[in-house]
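To start, the structure under review is shown below, and the notes come after it.
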Amino acid sequence: MDKRILEQHNLTEEEYRGIVDILGREPNLTELGIFSVMWSEHCSYKSSKIYLKNLPTTGKHVIQGPGENAGVIDIGDGLAVVFKIESHNHPSYIEPYQGAATGVGGILRDIFTMGARPIAVLDSLRFGPLDNPKNRVIMEGVISGIAGYGNSIGVPTVGGETYFNQCYSQNPLVNVCCIGIAPKNRIFYARAKGKGNPVLYVGAKTGRDGIHGATMASAEFDEDLEEKRPNVQVGDPFKEKLLLEACLEVMKKDLIVGIQDMGAAGLTCSTSEMADKANSGIEIDLDLVPKREEGMNSYEIMLSESQERMLLVAKADKEEEVKKIFKKWDLDAITIGRVTDTGRLIVKEKGRVVVDIPVRGIVRDCPVYRRPVKQPSYLREVNYLEIPEVPNDLNTTFLKLLSSPTIADKEWIFRQYDHMVQINTVLLPGADATVLRIKGTKKALAGTVDGNSLYTYLNPKVGAKIAVAEACRNLACVGAKPLGVTNCLNFGNPEKPEIMWQFKEVVEGMGEACRFFGIPVTGGNVSFYNETMGSAVYPTPVLGIVGLIEDISKIMSPGFKEKGDYILLLGKNNEEIGGTEYLKTIFSQERGIPPEINLEFEKQIQDFCFELIDKRLINSAHDVSEGGLAVCLAECCFMSEKKLGIEVSLEDDIRPVALLFGETQSRIIISASPSDIDKIEKLASKRGIPCQVIGRVREDKFIIKQKGEELINLSIEKIYSSWKQAIPNYFKLSEE
């Protein structure tokens, strides 16, 4: 085989020899393309499998763990929560709108493929600094794409997170998490079972868009970026809405035995994986595949990643009924083949066989690599921090920190999303976690996405533990117990030992924390090759964790409620300043050692917060994260309906900037009525939890003192304006 053709298909000569061994002959071009996408990093996880298999994936409530389109967990009352997170990073840099939109479309299909109705989307986004016009264009396109698809299909985008850092300037990250609800006795799987059962192609027609999208996602960007534009798929949310309803209808009527989304690798992935999971085979005829473009050949049809398409296997006697339902929804439903017992994928075109491959060879016999690992040399330099001098004016410093885009108000983003459609949303975007009512019960679901990439850049294992801990802490602050986790792991080129070391450390840290908190990993996504011109993004693990609230009347929100309420701190303030947003914003330093995390202490704090909520003893709860204690207190003011203020006095014997802006973990700010303070303090003493009254809620002023000395004294109006207007002000520059 010509070496240039192998390079175009991102295959090594050794991998090619493996293909020849599997087939017992040279592959034709279509077969080579099939191996190329199925053996790509994006589809095969060939560099990450050896580490991912060590994650905890089972639990007493787990119905389905990794290996399917989405994870499934029993939530009682005959219901299950179905959830998954995936990335669409590379497409979103090339075509921000369509890249993000089809990312939403793909994750929605993963959820309703399992038999669940999607009820919410959360997104975790990473962009370059907004003072660069190109980054603003990318951000606007991504936000518009998420809003355009989600709003049109009628699934609310209810929360998420957005970070800004120079490392994402040429490689934004777009991670989308979706949550759905299904009857637990009606979960569907990607299985091509039953010899002779009809294989139906349903949904939109096939075009040339997205060909080699999976392969593109398994390589770095270089100067040939423009040539990759055709690899990006084009979405149609209105078609997806029809597909969703049609699929749920045939599932409800029990007409099918298996179903899979034609996502990455399109028809290739769905046919081969469905057959492999059922230990069967599939034979299809490409002449029967609905096409929207003339002259498409077998290579293009098999590798197209056109959106809004599914492959399903119907029960033998229900074929016509399935077709009638899809016709009612104005969608194609064409029988393109049959299930066989040969263990092979046979593809015909114009009366001749153009593909004849053992499905095991495509799916299971992909090479698995234990790539070299090496601790990055940069760590020795960046972990050293020479503490800068304390700024003379802490008021000005605080205002500047509040206007940092990573900390500033994200309403400019989420106001573009319809977060109330389906009327399940109880807590609006901006809370510690989103809360969704489960209709017909008194329960609610809580969901959050979390991950601080600067921490993982400075210490990958610790950063991963913190990501898990903070996500669980966010759930605790709304009164939820964590059920399970899905992860999206965004890294650079795994062929570089330093990148692979980061990945190994992150997975080990994540696994340790998940085991400690008792939450199974039900699936996720690895996104490697997030590099442009050799420059990689920071290691960015994003954790999507779903929790359960047994009594929706007990949910908690972060905003202060009443003037005169006491403000309490759960946890301890430590002298930790490394890896903070304060250093990054004020001194342009991304250095030091990130905060320590003691998982046992963290869980004690979370459990105590949950207990206080359950006993209805507190009026608000908000975790301390980026920006530290001062920012956390400000956010509690901003999220109060009355825009209340505070007066806080701290007695800690640490430097003022560490006290105000340090990001020590395992801290939660709560507020309570004066009548409940004694009960809270007695409970804290009994449980051995550090809990101290630090101030009171008041009107219009924001005052923080240390040992009687005033550190910050500003009006609520002034700090609110800095926080509120920061991101819109960047986009006013674009308009001007």
Exercise. Assess whether side-chain hydrogen bond (donor to acceptor under 3.5 Å, both in side chains) is satisfied between Thr206 and Ser304, documenting all intermediate values.
Key: CA-CA 7 Å; Thr206 294; Ser304 168; 5.1 Å; no
Quiz item: Do any N or O atoms from the side chain of Glu305 and from the backbone of Ala265 form a donor-acceptor pair under 3.5 angstrom?
Solution: yes
Self-check item: Glu15 side-chain N/O to Thr12 backbone N/O, donor-acceptor pair under 3.5 Å
Solution: yes
Quiz item: How many angstroms lie between atom CG of Asn525 and atom SG of Cys488, to the nearest 0.5 angstrom?
Solution: 4.0 Å
Quiz item: Closest approach of Ser92 and Ala100, non-hydrogen atoms and distance?
Solution: OG-N, 3.4 Å
Quiz item: Quick one: side-chain hydrogen bond (donor to acceptor under 3.5 Å, both in side chains) pairs with a partner in residues 51-73, sequence neighbours left out?
Solution: Glu68-Arg191
Self-check item: Check: Leu489 main-chain N/O paired with Asn487 side-chain donor or acceptor under 3.5 Å
Solution: no
Quiz item: Which is it for Ser40 and Lys46 under the side-chain hydrogen bond (donor to acceptor under 3.5 Å, both in side chains) test, yes or no, and what are the steps along the way?
Solution: CA-CA 8 Å; Ser40 69; Lys46 58 190 176 185; over 6 Å; no
Quiz item: Do you know which two heavy atoms are closest between Leu23 and Asp356, and how far apart they sit?
Solution: CD2-O, 3.8 Å
Self-check item: Main-chain N/O of Gly523 paired to Thr486 side chain as donor or acceptor, under 3.5 Å
Solution: yes
Quiz item: Atom CD1 in Ile111, atom SG in Cys178: separation rounded to 0.5 Å?
Solution: 4.5 Å
Quiz prompt | Test item: side-chain donor near acceptor, Thr441 and Asp77, under 3.5 Å | solution = no
Quiz item: Do Glu31 and Arg25 sit within salt-bridge range, that is, some charged N less than 4.0 Å from a carboxylate O?
Solution: yes
Practice problem: May I ask you to check whether over 12 heavy atoms, not counting those of Lys443, lie within 6.0 Å of atom NZ? | Solution: yes
Practice problem: Might you confirm whether atom CG of Asp330 has over 12 heavy atoms from other residues, nucleotides or ligands at distances under 6.0 Å? | Solution: no
Exercise. Compare every heavy atom of Tyr299 with every heavy atom of Gly33, then report the nearest pair and how far apart it is.
Key: CA-CE1, 3.8 Å
Exercise. For Ser36 and Leu32, indicate whether the former's side chain and the latter's backbone hold a donor-acceptor pair under 3.5 Å.
Key: no
Exercise. I would like to know whether Thr268 and Phe35 meet side-chain contact (heavy atoms from CB on, under 4.5 Å); could you show each step before the answer?
Key: CA-CA 9 Å; Thr268 288; Phe35 274 100; over 6 Å; no
Quiz item: Got a salt bridge between Arg338 and Glu319, using NZ or NE/NH1/NH2 to carboxylate O under 4.0 Å?
Solution: yes
Quiz item: Is a donor on one side and an acceptor on the other found under 3.5 Å between the side chain of Glu308 and the backbone of Gly235?
Solution: no
Self-check item: Ion pair check, Asp341 and Lys195, cut-off under 4.0 Å
Solution: yes
Self-check item: Pairwise side-chain contact, Pro367 with Trp39, heavy-atom cut-off 4.5 Å (strictly under)
Solution: yes
Practice problem: Supply the atom-to-atom distance Leu288 CG to Glu349 CD, rounded to the nearest 0.5 angstrom. | Solution: 11.5 Å
Exercise. Give a yes or no on whether Lys205 atom NZ has more than 12 heavy-atom contacts from other residues, nucleotides or ligands under 6.0 Å away.
Key: no
Quiz item: Yes or no on side-chain hydrogen bond (donor to acceptor under 3.5 Å, both in side chains) for Gln260 and Thr113, after CA distance, side-chain angles and deciding distance?
Solution: CA-CA 6 Å; Gln260 181 157 329; Thr113 296; over 6 Å; no
Self-check item: Asp261 bridged to Arg309 by N-O distance under 4.0 Å
Solution: no
Quiz item: Should the pair Glu320-Lys324 be classified as a salt bridge under the 4.0 Å nitrogen-to-oxygen rule?
Solution: no
Exercise. Have a look at Met38 and tell me which of Cys269, Ser44, Cys366 forms a side-chain contact (heavy atoms from CB on, under 4.5 Å) with it.
Key: Cys269
Exercise. Indicate yes or no: at least one non-hydrogen side-chain atom of Val449 is less than 4.5 angstrom from one of Val542.
Key: yes
Practice problem: Look at the side chain of Asn530 and the backbone N and O of Asn490, then say whether any donor-acceptor pair between them is shorter than 3.5 Å. | Solution: no
Quiz item: So, do Val359 and Thr271 sit near enough that their side-chain heavy atoms are less than 4.5 Å apart?
Solution: no
Self-check item: From CA spacing to verdict: side-chain hydrogen bond (donor to acceptor under 3.5 Å, both in side chains), Ser87, Asn175
Solution: CA-CA 4 Å; Ser87 62; Asn175 295 179; 4.8 Å; no
Quiz item: So with a 6.0 Å cut-off around NZ of Lys49, is the heavy-atom count from everything else above 12?
Solution: yes
Quiz prompt | Heavy-atom donor-acceptor pair, Lys252 side chain to Cys247 backbone, under 3.5 Å | solution = no
Quiz prompt | Short N-O contact, Asp2 and Arg4, less than 4.0 angstrom | solution = yes
Quiz item: Checking salt bridge (charged side-chain N to carboxylate O under 4.0 Å, His left out) against Asp276, which of Arg360, Arg344, Arg364 comes through?
Solution: Arg364
Quiz item: When rounded to the nearest 0.5 angstrom, what distance separates CD1 in Ile301 from NZ in Lys291?
Solution: 4.5 Å
Practice problem: State whether the side chain of Glu300 and the backbone N or O of Asn297 hold a donor-acceptor pair below 3.5 Å, judged by distance alone. | Solution: yes
Quiz item: Do we see a donor-acceptor contact under 3.5 Å between the side chains of Tyr369 and Glu495?
Solution: no
Quiz item: Near Lys328 NZ, under 6.0 Å, is it more than 12 heavy atoms from other residues, nucleotides or ligands?
Solution: yes
Self-check item: Student check: side-chain heavy atoms of Leu311 and Leu267 closer than 4.5 Å
Solution: yes
Quiz item: Roughly how far, to the nearest 0.5 Å, is the CD1 atom of Ile334 from the CD1 atom of Ile284?
Solution: 13.5 Å
Quiz item: Between Asp123 and Tyr417, is any pair of side-chain heavy atoms under 4.5 Å apart?
Solution: yes
Quiz item: Less than 4.5 Å apart, any side-chain heavy atom of Val313 and any of Leu200?
Solution: no
Quiz item: So, the side chain of Gln98 versus the backbone of Glu95: is there a donor-acceptor pair under 3.5 Å, distance only?
Solution: no
Self-check item: Minimum heavy-atom distance Ala275-Ile282, with the two atoms named
Solution: CB-CG1, 4.1 Å
Quiz item: When rounded to the nearest 0.5 angstrom, what distance separates CG in Leu29 from CD1 in Ile5?
Solution: 6.5 Å
Quiz item: Salt bridge check: are Asp332 and Lys239 linked by an N-O gap of less than 4.0 Å?
Solution: no
Exercise. Examine Phe528 together with Phe503 and report whether their ring centres are nearer than 6.0 Å.
Key: yes
Practice problem: Evaluate the side-chain proximity of Val199 to Thr335: yes if any heavy-atom separation is below 4.5 Å, no if none is. | Solution: no
Practice problem: Start with the C-alpha distance between Glu283 and Lys348, add both sets of side-chain angles, then the distance that settles salt bridge (Lys or Arg N to Asp or Glu O under 4.0 Å), and finish with yes or no. | Solution: CA-CA 8 Å; Glu283 185 172 315; Lys348 294 181 178 179; 3.1 Å; yes
Quiz item: Got Glu249 and Trp329 here, is their nearest side-chain heavy-atom distance under 4.5 Å?
Solution: yes
Self-check item: Considering all heavy atoms, the nearest Met274-Ile259 contact
Solution: CE-N, 3.5 Å
Quiz prompt | Residues Lys253, Glu321; criterion salt bridge (Lys or Arg N to Asp or Glu O under 4.0 Å); working and verdict | solution = CA-CA 10 Å; Lys253 293 184 177 179; Glu321 195 173 348; 5.1 Å; no
